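Note that this is a predicted model, so its numbers are computed, not measured.
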Amino acid sequence: MYSISEIERITGLRPSTLRYYEQEGILPHVQRGTSGRREYSDEVLEWLELVIALKDTGMSIEDIKAYTELIRQGDVSLDARKYFLLEHKAKVERSVAQTQFHLEKIIRKIAIYDVLMFKKMK
């Protein structure tokens, strides 16, 4: 079991964010110790890592909540969950492709500056 400060250190998520996720239903199954403090299991940590991946790849909190609700429905929602993630994956792939396209333009511009600076040194 992990304390809230350990989870913060591992994930980089602030305690206020963790409490918000719990309040919004994104972070289920957070247990409390005898002192009333939150205790996070390996399962919760693994789930948080997925939430971070989804959020960092552009998924909204509302969509993460919707995905969480699908999970709560159990096996009857397996197809819907897979489709949900396939749709997000496609969006991420489009974003990565666009970023790669822009990166290549930047790299070409830097190469032009390298050539110009080399010519100027002669």
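Contact of the L48 side chain with the L18 side chain is registered, since non-hydrogen atoms from C-beta on lie closer than 4.5 Å. Side chains of I71 and R81 form a contact here, defined as non-hydrogen atoms less than 4.5 Å apart. A heavy-atom distance below 4.5 Å is found between the side chains of E24 and K65. In this structure, the side chains of Y2 and I7 come closer than 4.5 Å at one or more pairs of heavy atoms.
Residues V44 and P28 approach most closely at CG2-O, 3.9 Å, considering heavy atoms. Counting all heavy atoms, side chain and backbone alike, G25 lies closest to T68 at O-CG2, 3.2 Å.
Hydrophobic clustering (ILVMFWY, side-chain heavy atoms < 4.5 Å, transitive): M1 and V30 are in distinct clusters. Note: the hydrophobic cluster containing V96 does not contain I52 (ILVMFWY, side chain heavy atoms under 4.5 Å, direct or indirect links). Transitive grouping of hydrophobic side chains (ILVMFWY, heavy atoms separated by less than 4.5 Å) keeps V92 and Y67 in distinct clusters. Grouping the Ile, Leu, Val, Met, Phe, Trp and Tyr side chains by contacts below 4.5 angstrom, directly or via other members, places Y83 apart from I64. No path of Ile, Leu, Val, Met, Phe, Trp and Tyr side chains, each step under 4.5 Å between heavy atoms, connects W47 with L78, placing them in separate hydrophobic clusters.
Summarising the geometry, atom NE2 belonging to H88 is positioned 4.5 Å from atom CE belonging to M59; distances are rounded to the nearest 0.5 Å. With rounding to the nearest 0.5 Å, the separation of OH in Y20 from CD1 in I26 is 6.0 Å. Taking CZ of R19 as the start and CZ of R14 as the end, the distance is 9.5 Å to the nearest 0.5 Å. Here CD1 of I112 is found 12.5 Å from CD1 of I107. Values are rounded to the nearest 0.5 Å. Rounding to the nearest 0.5 angstrom, the gap separating the CD atom in E104 from the CD1 atom in I106 is 10.5 Å. Rounding to the nearest 0.5 Å gives a distance of 13.5 Å between CG of L50 and NZ of K55.
Distance alone, capped at 3.5 Å, is enough to place a donor-acceptor pair between the T57 side chain and the A53 backbone. Under a 3.5 Å cut-off, the side chain of S95 and the backbone N or O of K91 do not form any donor-acceptor pair. Remark: the backbone N or O of K89 is not paired with any side-chain donor or acceptor of R94 at under 3.5 angstrom. Remark: the backbone N or O of F84 is not paired with any side-chain donor or acceptor of E87 at under 3.5 angstrom.
D79 CG: 12 or fewer foreign heavy atoms inside a 6.0 Å radius.
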TODO: Before giving the answer on side-chain contact (heavy atoms from CB on, under 4.5 Å), spell out for D63 and L54 the whole-Å C-alpha distance, their side-chain angles and the decisive distance to 0.1 Å.
DONE: CA-CA 9 Å; D63 283 346; L54 296 173; over 6 Å; no
TODO: Show your reasoning for whether side-chain contact (heavy atoms from CB on, under 4.5 Å) applies to L103 and Q100.
DONE: CA-CA 5 Å; L103 178 60; Q100 184 64 42; 4.2 Å; yes
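Tested against R38, the residues E8, E6, E22 include a single salt bridge (Lys or Arg N to Asp or Glu O under 4.0 Å) partner, E22.
The pair E69-R72 meets the salt-bridge criterion, since a charged nitrogen lies less than 4.0 angstrom from a carboxylate oxygen.
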